[in-house]
Amino acid sequence: MITRVGNWIGKHLMLTLGILVLLYMYIPNFIVALMSFNDSSESRNLYQFQSFTWDNWLNPCDPQGMCESLRVSISIGLLATLAATIIGTLAAFALVRHRFEGRSTMNLVLFLPMATPEIVMGSSLLALFVAAGFGGQLGFWTVLIAHIMFCISFVVVTVRSRLAGLDSNLEKAASDLYANEWQTFWRITFPLVFPGILSAALLAFSLSFDDFIITNLNSGTTVTFPMFVWGAAQRGVPMQVNVIGTLMFLLALGIVIGGEVLNRRRAKGKASAF
Amino acid sequence: MEALQRVFGRNTAYLLIGPAAIWLAVFFLFPMLSLLTTSLSDPSGTPITGYTLTWRVQNYIEALGDYWPYMMRSLLYAGIATLMCLVLGYVLAYAIAFKAGRWKTVMLVLVIAPFFTSFLVRTLSWKLILADNGFIVNTLQTLHILGEDGRLLATPFAVIMGLTYNFLPFTILPLYTSLEKIDPKLNEAAADLYASPFQRFTKVVWPLSLPGVVGGTLLTFIPATGDYINASLLGSPNTQMVGNKIQQLFTTAGDYPHASALSVILMVLIVGMVLFYVRRAGTEELL
């Protein structure tokens, strides 16, 4: 009897508890989606559901400065993603495919930014900018530099794990079939690593788009979306912030699910071709 | 790659690693040095004119003397939040790794998906959930768990809850990676040898998942210690953490030397604790 109860617990209780934890992680997203339909015209300071409206979704750019901050965040996010993905992918190739002096030092240096609290990274960059005489010119470019810096490590880790799991026999087979090095790289290696590069880029963009602590210290008067939300939190949050939050969530979910579906379809297509 | 190799000879590796090495040296390592010199500079300068290095060690003594309660609070809150993340994260990671079957990928995506909604927006929504006239507080008051004027918002509970919520995925992903690698046959073998479910967990699953436990708790504890967003949005002046102070000293007070000293102390404390913890857990190879 006791073992049967134990088995049942082993079978279902863990899954039930796991799903409960997952639901807990979604509580804020439900609230954010709900609040995106909240009519807050009565009182903006009262962060509470008052009455239903479509207004926030129809006029997302109503709050002054919000869409400008969104544009700033997207530009910085795209530029930082592009730079960090290129720099990080090159580094990942070097670390997986080459043995060179200083390799283990480089591994450590790449690990450190992930193990440093953001407040320390942000304040040290600020100290550098001020010491170098750029204290008065903090803004778009200093934020971009910071974002590229903390994204590189995450790109390297993501691309490296994809590259390390690659079957090198595929490349050997290509060269056996008289492909030259460039052909082997562009037709075999790169397409196989590409999903890793893509997920690294997605990760980099979301890290950059969401960063607050480092940005806040190095942005001068430039306002990114998280900084807009932070500023609004002191005065009363416009409900449109929740519209943007919900849109971002749906967009990311769409990209991830779309990628997965595409992957499966491609795998199926390949299987039926044989 | 080999074509490059031929053109550049043995320098290919350095050409590939170069941009990352330079960027991190200039904008990560060098700033750390800057932080160190600023922390030893004369506090009478301003952010625009810069600070002169006078090897003023008193900055450290003053920073610690004034702000040690914030430091202790940070370590305490982050420590509790990390423990809670470990319990919640272990349950979910275990369920995904061993019980989810063909829903594994879906559940893993669902773990990451909420985090695409801005961190600040989600943290603000906890303000609503824990509000004084909210559902949770009212229920707890009806059940007499909370007093008539008891509240959740602006208490240490709210801050620790916020930290737990925000850093949970950082615990789950390394735990999952570790658990997923465990061969289910080991568990079956233990069962064949009459191990109870509890023994199977303590003698087989838990020891094998230790790398994930160490990795996950570190990835949670480190950012949680430096965080000040949860303390600002969900806490009160009495629940401020060291991040709040560092940020205030930099931005509103403009006292860079003391702020830098406090940053350096935080970094040293964290590195020290991490090394000690990793040694104790016997997982040095992780670093």
Side-chain angles (χ1 to χ4, degrees), chain A residues 6 10 14-15 17-18 21-22 25-29 31-32 47-48 87-88 90-91 93-94 97-98 100 106 109 113 115-120 123-128 130-131 135-136 145 148-149 152 181-182 185 206 210 212 217 225-226 229-230 233 237 241-242 245 248-249 252-253 256, chain B residues 1-3 12-14 16-17 19-21 23-24 27-32 34-35 38 47-48 50 88 91-92 94-96 99 109-110 113-114 116-122 124-129 131 168 196-197 222-223 225-226 229 233 243 246-247 250 256 259-260 263 266-267 270:
Chain A
M14 279 311 273
L15 192 58
L17 287 176
V21 175
L22 203 56
M25 295 172 75
Y26 274 83
I27 298 172
N29 291 71
I31 300 291
V32 170
Y47 200 66
Q48 195 182 51
I87 297 173
L90 293 178
F93 267 97
R97 293 294 168 90
H98 296 270
F100 55 94
M106 200 55 216
V109 170
T116 307
E118 278 193 70
I119 185 88
V120 175
S123 51
S124 62
L125 256 179
L126 177 61
L128 173 78
V130 168
I145 286 172
I148 295 173
M149 184 271 289
I152 288 176
E181 292 87 348
W182 278 113
F185 178 75
S206 67
D210 215 16
F212 175 74
L217 285 168
F225 180 67
V229 177
W230 179 260
V237 186
V241 158
N242 297 302
M248 285 293 295
F249 171 65
L253 206 60
V256 175
Chain B
M1 287 295 107
E2 268 78 347
T12 322
Y14 293 108
L16 292 172
I17 200 84
W23 201 279
L24 290 177
F27 298 117
F28 179 77
L29 295 177
F30 199 60
M32 290 288 174
S34 253
L35 188 72
T38 310
I48 306 297
L88 295 175
V91 168
L92 183 50
Y94 187 93
I96 298 176
K99 307 288 171 190
V109 169
L110 286 177
F116 285 100
T117 298
S118 169
F119 174 46
L120 281 166
V121 178
R122 281 181 290 114
L124 274 174
S125 74
W126 278 108
K127 229 175 151 161
L128 178 79
I129 301 163
L168 191 52
S196 68
I222 294 169
T225 314
I229 293 170
L233 295 179
I246 297 177
Q247 188 261 137
F250 270 119
Y256 282 35
S260 303
S263 255
L266 176 65
M267 187 70 198
I270 286 184

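Below, chain A is the first sequence line, B the second, and so on; all start at residue 1.
Across all non-hydrogen atoms, the minimal contact from B/I222 to A/A115 is CG2-O, 3.4 Å. In terms of heavy atoms, A/F225 sits closest to B/S118 at CE2-CB, 4.2 Å. Nearest heavy-atom pair, A/P28 versus B/R122, reported as atom, atom and distance to 0.1 Å: CB-O, 3.9 Å. When every heavy atom of A/I119 is checked against every heavy atom of B/G226, the shortest pair comes out as CG2-O, 3.6 Å. B/M267 and A/P117 get closest at one heavy-atom pair: SD-CD, 4.0 Å. Across all their heavy atoms, B/A13 and A/H98 have their closest contact at CB-CB, 3.6 Å.
For A/M149, the parts sitting under 4.5 Å from any heavy atom of chain B are the backbone and the side chain alike. Looking at A/A131, only its side chain comes within 4.5 Å of chain B, counting heavy atoms on both sides. Neither the backbone nor the side chain of B/A259 comes within contact range of chain A, judged by heavy atoms closer than 4.5 Å. In this structure, chain B has a heavy atom under 4.5 Å from the side chain of A/I152, while its backbone stays farther away. Within the 4.5 angstrom heavy-atom criterion, atoms from both the backbone and the side chain of B/F27 approach chain A.
Between A/W230 and B/L233 the shortest side-chain heavy-atom distance falls below 4.5 Å. For the pair B/P223 and A/E118, the minimum side-chain heavy-atom distance is 4.5 Å or more. Between A/M248 and B/V121 the shortest side-chain heavy-atom distance does not fall below 4.5 Å. When side chains are defined from C-beta on, B/L35 does not count as touching A/L125, because their heavy atoms never get closer than 4.5 Å. With a 4.5 Å cut-off on side-chain heavy atoms, A/P226 and B/F119 do not count as touching. With a 4.5 Å cut-off on side-chain heavy atoms, B/L168 and A/V21 count as touching. With contacts defined as side-chain heavy-atom distances shorter than 4.5 Å, the pair A/M25/B/L92 qualifies. Side-chain atoms of B/I17 and A/L90, non-hydrogen and from C-beta on, never get closer than 4.5 Å to each other.
If you tally non-hydrogen atom pairs under 4.5 Å between each of A/A91, A/S123, A/S206, A/S124 and chain B, the highest count goes to A/S124. Top candidate by heavy-atom pairs under 4.5 Å with chain B, chosen from A/V109, A/I87, A/I145, is A/I145. Comparing B/V91, B/V109, B/L29 by how many heavy-atom pairs each has under 4.5 Å with chain A, the most go to B/V91.
Counting non-hydrogen atoms of other residues, nucleotides and ligands closer than 6.0 Å to CZ of A/F100 gives a total above 12.
Looking only at distances, a side-chain donor or acceptor of A/Y26 sits under 3.5 Å from a matching main-chain atom of B/L110. B/T117 places a side-chain N or O within donor-acceptor distance of the main-chain N or O of A/G245, the cut-off being under 3.5 Å.
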